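Here is the structure we will look at, set down as structure tokens.
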2 protein chains.
Amino acid sequence: MARDTAPRLLRQFKPSPDIAASDGKVGNLILRSLPRKESSLLFPEMEFVRLMLHQVLHEPGEVIRSGYFLNSGLGSLLTTHPDGKTVEVGLTGNEGFIGLPVIFGFKTSALRVVTQGDGTAYRVEIGTLLRMLPRCPELERQLQRFSMLLGMQSTQLAACNRLHDVTERLARWLLMSHDRIGGTVLPLTQEFLAQMLGSRRASVTGAAGILQRAGAIEYSRGSVGIVNRAKLEESSCDCYVAIERQKKRWLVEAN
Amino acid sequence: MARDTAPRLLRQFKPSPDIAASDGKVGNLILRSLPRKESSLLFPEMEFVRLMLHQVLHEPGEVIRSGYFLNSGLGSLLTTHPDGKTVEVGLTGNEGFIGLPVIFGFKTSALRVVTQGDGTAYRVEIGTLLRMLPRCPELERQLQRFSMLLGMQSTQLAACNRLHDVTERLARWLLMSHDRIGGTVLPLTQEFLAQMLGSRRASVTGAAGILQRAGAIEYSRGSVGIVNRAKLEESSCDCYVAIERQKKRWLVEAN
DNA sequence: ATACATTTGTACGCCTGCGTACATTTATAT
DNA sequence: ATATAAATGTACGCAGGCGTACAAATGTAT
């Protein structure tokens with residue numbers, strides 16, 4: 001099976017605290033939106049951590065010990081299958097939180113969560129978070145709203161997986177990632193993309209070739225450069241804009 | 001396009017109240033689990049309604065005016081596309097609630113919600129529900145938990161749509177529906193199923209033929225009989241059990 | 001009873017993506 | 001510098017599903 005070599009990509013690391021790194025800049029949008037009352041309660045309890053490429057934050061079936069507010073980089077939510085196949089069913093960057101099930105009283109993760117691109121996050125132990133929540137109503141509301149947004153996203157991805165071909169989905173994926181990762185060069189192997197898209201690595205090669213010939217991206221061993229976002233949007237299915245549109249609409253409604 | 005005739009199936013009806021019908025039996029599991037305190041607040045504000053086949057409860061982009069606690073029958077959550085294609089991205093029966101976005105402060109639906117099979121529900125106006133929620137903490141918790149379960153379901157469907165063929169998905173769909181509809185005969189046309197599965201009607205014909213020859217179902221003009229559930233489970237992909245397993249696990253954890 | 005609409009069966013050519021395999025290129029370690 | 005590992009390009013046959021079309025069967029209305 002083509003996926004036999006794949007799992008090596010997804011190594012398990014322990015995020016390590018970085019004492020000197022918390023240089024005052026909070027990238028996470030949920031944290032930034034909190035009233036001073038709540039953030040002053042919260043921040044002393046959190047740990048600033050550096051996340052590396054392909055770190056596994058949560059594993060399906062395992063107890064969720066920490067939650068993560070991403071400042072930069074992104075996290076992919078994946079379903080896993082016995083034969084090693086994976087499919088990305090959700091994606092979040094600094095707009096969200098990783099560890100949602102605990103907010104609703106559940107203890108284990110249903111999905112694998114993998115980081116993509118180096119980044120930083122505020123990590124919080126679940127016990128601590130649950131103790132804080134009753135005193136942080138705005139945080140709770142934000143987390144709940146985000147869970148709905150993420151749910152909407154995955155319904156759109158469900159449809160996307162059904163209706164659109166590899167090239168369209170690859171373009172959509174690159175757009176979503178580009179939005180969440182600073183810079184125009186994304187560190188990506190085709191094997192990794194295949195795991196995100198739930199396709200063969202060889203199919204990704206083909207799709208990447210099409211996007212490259214269209215002048216949208218530039219591919220070279222382990223990194224993708226976005227050279228023309230407009231063309232990338234042309235090559236993508238509507239799912240990208242559908243998600244963005246709905247997100248905006250709801251965020252307006254909620255105020 | 002093959003779907004040109006399809007929308008006729010999804011007629012818009014207004015659910016009509018049925019005064020004499022509320023014969024004391026509450027089928028909805030969320031409502032049944034509520035403490036007397038909350039249900040006595042809630043029930044006077046709700047209306048018992050009869051739902052007919054293929055009623056459209058919510059339409060994407062439209063303001064959600066009423067929420068529904070299903071007692072029987074089921075509701076399908078569908079993404080819609082400009083060309084008329086639809087894909088089911090969620091499914092709920094008497095275990096859930098229809099109208100989740102409003103719980104989190106959003107006003108419009110992102111999805112089309114269609115009933116399948118005759119059934120009944122308790123309908124509540126959104127304004128009323130939102131006024132009740134602060135006084136019904138258990139209801140709020142239940143609704144939030146259900147939204148997470150539904151989210152998990154749609155992530156599984158996202159993967160399912162990517163990895164499994166029509167026959168497996170049809171079998172999965174029938175199992176999920178069978179769980180939620182009383183009786184072994186489901187009123188279904190192949191055209192309707194095609195809209196659920198996001199496939200051609202002709203593909204459904206083929207898949208239904210396979211399941212029929214396997215002795216799992218019996219198909220005849222507009223209705224499917226489940227004649228052998230075990231065989232149906234054999235023909236289905238793991239997604240059915242994956243969803244059920246995770247649901248059970250989480251429900252245990254949450255107590 | 002007859003006409004009409006709906007539902008189902010079936011067929012055709014086509015294209016995408018799968019599983020698999022192997023060669024080639026590029027980076028990394030010794 | 002050389003060996004090893006990782007990443008990419010490419011090829012092959014094959015299966016599933018698509019779009020489309022039309023005929024047959026089965027309800028429903030007049």
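Side-chain atoms are counted along with the backbone in the values below, which use heavy atoms only and exclude waters and symmetry mates. Lettering follows sequence order; numbering is per chain, from 1. No experiment lies behind these values; they were computed from the predicted model shown.
- Here A/R162 reaches the OP1 or OP2 of D/dC18: one of its side-chain N or O atoms lies under 4.0 Å away.
- Ranking C/dT8, D/dG17, D/dT8 by closeness to the A/T189 side chain, first place goes to D/dT8.
- A distance of 6.0 Å or more separates the ring centres of A/Y122 and A/Y68.
- Relative to the side chain of A/A202, the nucleotides C/dT16, D/dC18, D/dT10 differ in distance, and D/dT10 lies closest.
- Whole-Å rounding puts the A/I217 CD1 to D/dT8 P distance at 11 Å.
- A side-chain donor-acceptor contact under 3.5 Å links A/S76 and A/E88.
- At whole-Å resolution of the value, OH in B/Y219 and C1' in C/dT6 are 13 Å apart.
- Contact between the side-chain N/O atoms of B/S203 and the OP1/OP2 oxygens of D/dC18 is found at a separation under 4.0 Å.
- Taking atom CZ on A/F192 and atom C1' on D/dT8, their separation rounds to 17 Å, with Å as the unit.
- When A/S203, A/S236, A/S199 are each tested for a side chain to side chain donor-acceptor pair (under 3.5 Å) with A/R169, only one passes: A/S199.
- In this structure, the NE2 atom of B/H164 is 18 Å from the P atom of C/dG17, given to the nearest Å.
- Counting to the nearest Å, the P atom of C/dA21 and the CZ atom of A/R200 are 13 Å from each other.
- The CD-C1' distance, from A/Q190 to D/dA6, rounds to 12 Å in whole Å.
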I'd like a table of donor-acceptor pairs (distance under 3.5 Å, sequence neighbours excluded) in which one partner is a side-chain atom from residues 215-223 of chain A, with atom names and distances.
{"from": "A/Y219", "atom 1": "OH", "to": "A/L188", "atom 2": "O", "distance (Å)": "3.2"}
{"from": "A/Y219", "atom 1": "OH", "to": "A/Q190", "atom 2": "N", "distance (Å)": "3.1"}
{"from": "A/S223", "atom 1": "OG", "to": "A/S220", "atom 2": "O", "distance (Å)": "3.3"}

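- Here the C1' atom of nucleotide D/dA7 and the CG atom of A/L193 are 12 Å apart, to the nearest Å.
- For A/K85 and C/dG19, the shortest distance from a side-chain N or O to OP1 or OP2 is below 4.0 Å.
- B/S199 has a side-chain polar atom (N or O) that falls below the 4.0 Å cut-off from OP1 or OP2 of D/dC18.
- Side-chain proximity of B/R221 to C/dT26, D/dA25, D/dT10: nearest is D/dA25.
- Residue A/N161 contributes atom CG, which lies 18 Å from atom P of C/dT16 at whole-angstrom precision.
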